[in-house]
Amino acid sequence: MNTQPMNASLYDLSQNTQGQLFMAMQKKFSETLEPLPPILQVRRGYAESPAWFMVQASEFAPEPLTVHNIRVRDIYASKRLVAALLEMLAGERWLARVGDAYHLTPLGKTLIGQLQERTAKVLTSTQLSISDVLVEGVEASLRQIIDASLTQLDATITWCLRYSRNRAPDDSAHPFLKLSQYFSDFNAYRDDAHMKAWQAHEPEGFIWESFAQIATQKAHDVASVFDLLYYRGYAKEEFQNGVDQLVEKEWLMSDENGRLTVTEMGQAVFEAVEKTTDELFYAPWRTFSTEFQDKTIQQLQQFHDELQAIASEE
């Protein structure tokens, strides 16, 4: 019997496990790491940040970055913000602009190598009290699912995943390095699946994201949408225009005070997108037997729980 339903909660488990892996390893890590360049601390944790854009540069290399290809995945960000961050990285000479394209420079390649070495130090220099059998089992199962995901016939639902795999470590790499990449791959493939699902309804990215905040009751008016999503680089008036479009589509209703609620039509659209996202994301899982799925989920849950116990040790 599955310990996790095959919906967003199982995806969340994969992402939480990646976080627990880093926390557990950092708990046991005794070395002092060199500080990151200050610019890589700017907006850290957001997709719209110098650090994440350098990750994208490593995925695209030797292809250059452009505002367009960054926004295939980070479709929720404004073009203005993406362009500004690319210019910032060019100003550090990590990227070199040629026309509208930003090419990775030798300095940029050196930086990426340093970042990869830093991650490898944290994830490989300490032994955890987790059985090799469990680690090897999780690694082998997740790799099979990633490989199955890459074979999906519709290339529009593997775009982010294929670029994510471009920075995969060698097959001989430490299992924790491979597992961390698999979790990033799942994040990329979930983006593929979710974008495929909501783009069928043709809103702009930031408008869909605004709608999702309201549909999940995290926001209730334009001001609260802006407070949640300001970091995407849009002005409050742009969010207002987006919400107005959603009202015109009859996905939202607005009262005289500007309070927003989801209509029956809007709720049906939102639920359909969530369902389609799950169907697309878990299609590769369902190419395997129920026994394989159950075992993989149970192993992943156990791996998560053991990492969490280590990370929370006094």
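Just so you know, these numbers use all the heavy atoms, side chains as well, and skip hydrogens, waters and symmetry mates. Index from 1, following the sequence.
- Partners of Phe292 under the ring-ring contact (aromatic ring centres under 6.0 Å, His included) rule, at least two apart in sequence or in another chain, are Phe288.
- The two residues Pro50 and Leu85 come nearest to each other via the heavy atoms CD-CD2, 3.9 Å.
- Phe22 and Met54 are assigned to two separate hydrophobic clusters, defined by single-linkage of ILVMFWY side chains at heavy-atom distances under 4.5 Å.
- With hydrophobic clusters built from ILVMFWY side chains whose heavy atoms lie under 4.5 angstrom apart, Val55 does not share a cluster with Val82.
- Residue pairs meeting the salt bridge (charged side-chain N to carboxylate O under 4.0 Å, His left out) criterion with at least one partner in residues 253-270, sequence neighbours excluded, are absent.
- Separation of the Tyr234 and Phe206 ring centroids falls under the 6.0 Å cut-off.
- Side chains of Asn16 and Gln20: a donor-acceptor N/O pair is absent below 3.5 angstrom, by distance only.
- Side chain of Gln213 to backbone of Leu228: no donor-acceptor contact under 3.5 angstrom is found.
- In this structure a side-chain-to-backbone donor-acceptor pair under 3.5 Å is missing from Asn7 to Glu274.
- Electrostatic pairing of Arg143 and Asp171 counts as a salt bridge here, judged by a charged N lying under 4.0 Å from a carboxylate O.
- Side-chain contact check for Glu306 and Gln302: at least one donor-acceptor pair (N or O, by modelled atom type) lies under 3.5 Å.
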Criterion side chain to side chain donor-acceptor pair (under 3.5 Å) on Asn187 and Tyr11, from CA distance to verdict
CA-CA 8 Å; Asn187 176 254; Tyr11 163 71; 2.7 Å; yes
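- Note on Asp191 versus Lys196: no salt bridge recorded, every NZ/NE/NH1/NH2 to OD/OE distance being 4.0 Å or above.
- Between Ile130 atom CD1 and Leu307 atom CG the span is 4.0 Å, to the nearest 0.5 Å.
- A donor-acceptor pair under 3.5 Å is absent between the side-chain atoms of Thr158 and the main chain of Leu150, judged by distance alone.
- Between Ser125 and Phe29 the shortest side-chain heavy-atom distance falls below 4.5 Å.
- Residues passing the ring-ring contact (aromatic ring centres under 6.0 Å, His included) test with Phe60, sequence neighbours excluded: Trp159, Tyr163.
- Using a 3.5 Å distance cut-off with no hydrogens or angles, the side chains of Ser164 and Asp185 do pair a donor with an acceptor.
- In the model, Ser224 has a side-chain atom that pairs as donor or acceptor with a side-chain atom of Asp221 under 3.5 Å.
- Val269 and Leu280 fall into different hydrophobic clusters, where Ile, Leu, Val, Met, Phe, Trp and Tyr residues are linked whenever their side-chain heavy atoms come under 4.5 Å apart, directly or through other members.
- Residues Leu86 and Val67 come closest through the heavy atom pair CD1-N, 3.9 Å.
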Under 3.5 Å, side-chain donor or acceptor atoms of residues 35-47 against the rest of the protein: list the pairs with distances, not counting sequence neighbours.
{"from": "Arg43", "atom 1": "NE", "to": "Glu48", "atom 2": "O", "distance (Å)": "2.6"}
{"from": "Arg43", "atom 1": "NH2", "to": "Tyr231", "atom 2": "O", "distance (Å)": "2.5"}
{"from": "Arg44", "atom 1": "NH1", "to": "Leu40", "atom 2": "O", "distance (Å)": "3.4"}

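- Looking at Met195 and Cys160, their side chains come closer than 4.5 Å, going by heavy atoms from C-beta outward.
- Salt-bridge check for Glu279 with Arg286: failed, with every basic side-chain N at 4.0 Å or more from each acidic carboxylate O.
- More than 12 heavy atoms of other residues, nucleotides or ligands shown are found within 6.0 angstrom of NE2 on His201.
- For Phe176, the ring-ring contact (aromatic ring centres under 6.0 Å, His included) partners are His174, not counting sequence neighbours.
- Taken to the nearest 0.5 Å, the CD atom of Gln18 stands 10.0 Å off from the CG atom of Leu179.
- A salt bridge links Glu209 with Arg232: at least one charged nitrogen is closer than 4.0 Å to a carboxylate oxygen.
- Of the possible donor and acceptor atoms, none in the side chain of Asp74 sits under 3.5 Å from a partner among the backbone N and O of Arg71.
- To the nearest 0.5 angstrom, Phe281 atom CZ is 12.5 Å from His194 atom NE2.
- A donor-acceptor contact under 3.5 angstrom links the side chains of Tyr182 and Glu139, judged on distance only.
- Proximity of Met25 to Val122: side-chain heavy atoms (C-beta onward) are separated by under 4.5 Å at one or more points.
- Aromatic ring orientation, Trp251 versus Trp208: perpendicular (interplanar angle above 60°, classes split at 30° and 60°).
- Asp12 is not listed as a side-chain neighbour of Gln15, based on a closest heavy-atom distance of 4.5 Å or more.
- Looking at Asp192 and Arg73, no side-chain N of the basic residue comes within less than 4.0 Å of a carboxylate O on the acidic one, giving no salt bridge.
- With contacts defined as side-chain heavy-atom distances shorter than 4.5 Å, the pair Phe303/Val135 qualifies.
- Grouping the Ile, Leu, Val, Met, Phe, Trp and Tyr side chains by contacts below 4.5 angstrom, directly or via other members, places Leu229 with Trp198.
- Residue pairs meeting the side-chain hydrogen bond (donor to acceptor under 3.5 Å, both in side chains) criterion with at least one member in residues 237-250, sequence neighbours excluded, are Arg80-Glu238, Gln240-Asp244.
- One finds the CG atom of Leu128 at 4.5 Å from the CD1 atom of Ile310 (value rounded to the nearest 0.5 Å).
- Annotation: side chain of Lys295 is not in contact with side chain of Ser141 (no heavy-atom distance under 4.5 Å).
- More than 12 non-hydrogen atoms from other residues, nucleotides or ligands lie less than 6.0 angstrom from NZ of Lys27.
- To the nearest 0.5 Å, atom CE of residue Met253 and atom CG of residue Leu246 are 13.5 Å apart.
- Using a 4.5 Å cut-off on side-chain heavy atoms (C-beta onward), Tyr102 and Leu89 make no contact.
- Atom-to-atom distance recorded for Lys79:NZ and Leu81:CG is 13.5 Å, nearest 0.5 angstrom.
- Leu33 and Met23 fall into different hydrophobic clusters, defined by Ile, Leu, Val, Met, Phe, Trp and Tyr side-chain heavy atoms under 4.5 Å apart, directly or through other members.
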